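Please read all numbers here as calculations on a predicted model, not as lab measurements. These values consider heavy atoms only, across backbone and side chains, with no hydrogens, waters or symmetry-generated copies.
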2 protein chains.
Amino acid sequence: MKETSRDRLISAASRLFQLQGYHGTGLNHILKESGAPKGSLYYYFPDGKEQLAVESVRMTAEHVRERIKQGLDQKTDAIEAIQGFIEKMAEQYQNDDSQEGVPIAAVALETALFNEPIREACQSGYESFQQVFTEKLLQSGFDESRARELGVVINSMIEGAFLLSFTKGNNEPLLLAAKNIPALLK
Amino acid sequence: MKETSRDRLISAASRLFQLQGYHGTGLNHILKESGAPKGSLYYYFPDGKEQLAVESVRMTAEHVRERIKQGLDQKTDAIEAIQGFIEKMAEQYQNDDSQEGVPIAAVALETALFNEPIREACQSGYESFQQVFTEKLLQSGFDESRARELGVVINSMIEGAFLLSFTKGNNEPLLLAAKNIPALLK
DNA sequence: GTCTATAAGCGGATAGAC
DNA sequence: GTCTATCCGCTTATAGAC
């Protein structure tokens with residue numbers, strides 16, 4: 001089970017892009033944190049920073065999607081499951097003392113208008129989250145179009161609450177989002 | 001009614017920070033767009049880019065707050081008013097062909113962990129938005145604690161939907177947020 | 001394939017002329 | 001007060017040794 005230079009570069013990039021955004025994170029910083037030498041960056045990612053960002057966003061998205069899925073599996077009822085998942089996120093956020101950023105969002109906002117490959121990666125990530133919520137709702141008996149619609153809405157709610165919690169430095173918006181999920185899904 | 005170099009610098013900075021974020025926007029770019037020379041930037045903003053960002057965020061926030069207020073004044077009932085406001089935003093977004101960014105969010109995400117003055121400005125901005133929603137709810141008879149709570153939740157919902165719409169390049173998330181506002185406020 | 005040394009350019013900031 | 005010329009550091013990217 002060897003961890004290659006490539007993997008460590010992506011991990012470091014994911015972390016730093018989340019904390020400081022795309023333009024706020026220099027390649028040198030990523031190299032230092034990953035321990036990889038500069039040469040291998042351009043060996044593994046011939047298209048440079050852009051490619052590294054695309055693959056980092058993909059990895060982050062996959063990771064987050066798994067966490068959502070696992071979170072929702074804790075309860076059978078969709079409403080309780082989603083509410084519980086958001087509460088867990090709020091808890092984790094408080095404990096980490098906010099040493100994690102908001103996944104994807106910073107990169108998406110900085111690049112959406114100017115860098116199509118990165119924008120697409122971010123969009124795919126968001127759609128994969130939404131898909132997980134929609135599936136859970138389907139399993140709980142929501143009809144298809146309603147489940148799809150609510151997948152988007154729940155995703156919006158969580159992203160917004162996360163953004164506000166991150167900016168304020170406390171988890172109140174996440175907790176309130178969780179609390180109001182039942183009303184939204186009735 | 002003279003428009004000073006200072007005003008033009010703040011306007012240009014606000015616009016560019018919204019589109020590309022804090023680190024993605026260089027002072028040279030701001031100077032070029034504003035037409036002001038570099039010297040006067042440091043004359044008006046001795047603390048440089050950071051100060052310019054703080055004041056830009058304040059200006060943007062004030063501007064957005066006014067738009068929210070005006071939007072909510074269109075209807076007396078809070079639920080209809082908020083729903084209508086979000087729909088209007090969605091419409092404008094589509095027409096502008098997305099030549100506007102998501103106010104404040106990019107700057108907030110990039111800087112929240114590392115630059116306290118900017119973070120504070122963003123937080124104040126968000127709180128001022130939330131305040132407007134809360135006031136409208138109070139006027140419609142919601143009790144105080146519930147109105148405050150929902151102010152935060154509505155703010156989260158809108159910010160998240162805006163972020164997703166911006167990333168996807170279409171206004172569906174905003175439209176769905178609007179559609180589901182009544183359920184949330186029942 | 002893995003890595004180092006270096007290039008070329010842009011970043012924010014400043015000094016000092018007028 | 002208003003502006004220009006310039007500085008240093010850090011950016012991304014590359015050339016080429018091993």
Mind checking side-chain contact (heavy atoms from CB on, under 4.5 Å) for Glu127(A) and listing every partner two or more places apart, or none if nothing turns up?
Gln123(A), Gln130(A), Lys168(B)

Name every donor-acceptor pair, under 3.5 Å, that has one atom in a side chain of residues 25-38 of chain B and the other anywhere in the protein, sequence neighbours excluded.
{"residue": "Thr25(B)", "atom": "OG1", "partner": "Leu16(B)", "partner atom": "O", "Å": "3.3"}
{"residue": "Thr25(B)", "atom": "OG1", "partner": "Gly21(B)", "partner atom": "O", "Å": "2.8"}
{"residue": "Asn28(B)", "atom": "OD1", "partner": "Lys38(B)", "partner atom": "NZ", "Å": "3.1"}
{"residue": "Glu33(B)", "atom": "OE2", "partner": "Arg15(B)", "partner atom": "NE", "Å": "2.8"}
{"residue": "Glu33(B)", "atom": "OE2", "partner": "Arg15(B)", "partner atom": "NH2", "Å": "3.1"}
{"residue": "Ser34(B)", "atom": "OG", "partner": "Ile30(B)", "partner atom": "O", "Å": "3.2"}
{"residue": "Ser34(B)", "atom": "OG", "partner": "Leu31(B)", "partner atom": "O", "Å": "3.1"}
{"residue": "Ser34(B)", "atom": "OG", "partner": "Ala36(B)", "partner atom": "N", "Å": "3.1"}

Sequence neighbours left out, what passes side-chain contact (heavy atoms from CB on, under 4.5 Å) with Glu135(A)? Give chain and number order.
Gln131(A)

All pairs passing ring pair (Phe, Tyr, Trp, His ring centres under 6.0 Å) where residues 45-87 of chain A contributes a residue, at least two apart:
none

Taking distance alone, no hydrogens or angles, what donor-acceptor pairs closer than 3.5 Å link side-chain atoms of residues 171-186 of chain B to residues at least two apart or in another chain?
{"residue": "Asn171(B)", "atom": "ND2", "partner": "Ala90(B)", "partner atom": "O", "Å": "3.1"}
{"residue": "Glu172(B)", "atom": "OE2", "partner": "Arg148(A)", "partner atom": "NH2", "Å": "2.5"}
{"residue": "Lys179(B)", "atom": "NZ", "partner": "Glu149(A)", "partner atom": "OE1", "Å": "2.8"}
{"residue": "Lys179(B)", "atom": "NZ", "partner": "Glu149(A)", "partner atom": "OE2", "Å": "3.3"}
{"residue": "Asn180(B)", "atom": "OD1", "partner": "Arg146(A)", "partner atom": "NH1", "Å": "3.2"}
{"residue": "Asn180(B)", "atom": "ND2", "partner": "Leu176(B)", "partner atom": "O", "Å": "2.8"}

Who are the ring-ring contact (aromatic ring centres under 6.0 Å, His included) partners of Phe133(B), not counting sequence neighbours?
none

Going 5' to 3' along DNA chain C, which nucleotides are the first and last within contact of chain B (any atom under 4.0 Å from a heavy atom)?
dG11(C) to dT14(C)

Any ion pair linking Arg67(B) and Glu100(B) (charged N to carboxylate O, less than 4.0 Å)?
yes

For Ala61(B), what residues pass the side-chain contact (heavy atoms from CB on, under 4.5 Å) criterion, not counting sequence neighbours?
Ile104(B), Phe129(B)

According to side-chain contact (heavy atoms from CB on, under 4.5 Å), who are the partners of Ala112(B), at least two apart in sequence or on a separate chain?
Phe166(A), Arg119(B)

Counting only pairs under 3.5 Å, give me each side-chain donor-acceptor contact of residues 154-163 of chain B, with atom names and distances, residues two or more places apart or in other chains.
{"residue": "Asn155(B)", "atom": "ND2", "partner": "Tyr126(B)", "partner atom": "O", "Å": "3.2"}
{"residue": "Ser156(B)", "atom": "OG", "partner": "Val152(B)", "partner atom": "O", "Å": "3.2"}

Check each residue of residues 26-43 of chain A for a non-hydrogen atom within less than 4.0 Å of any atom in DNA chain D, then write out the ones that pass by number, or none.
Gly26(A), Leu27(A), Asn28(A), Lys38(A), Tyr42(A)

Contacting residues from residues 45-58 of chain A, given that a heavy atom lies under 4.0 angstrom of DNA chain D:
Gly48(A), Lys49(A)

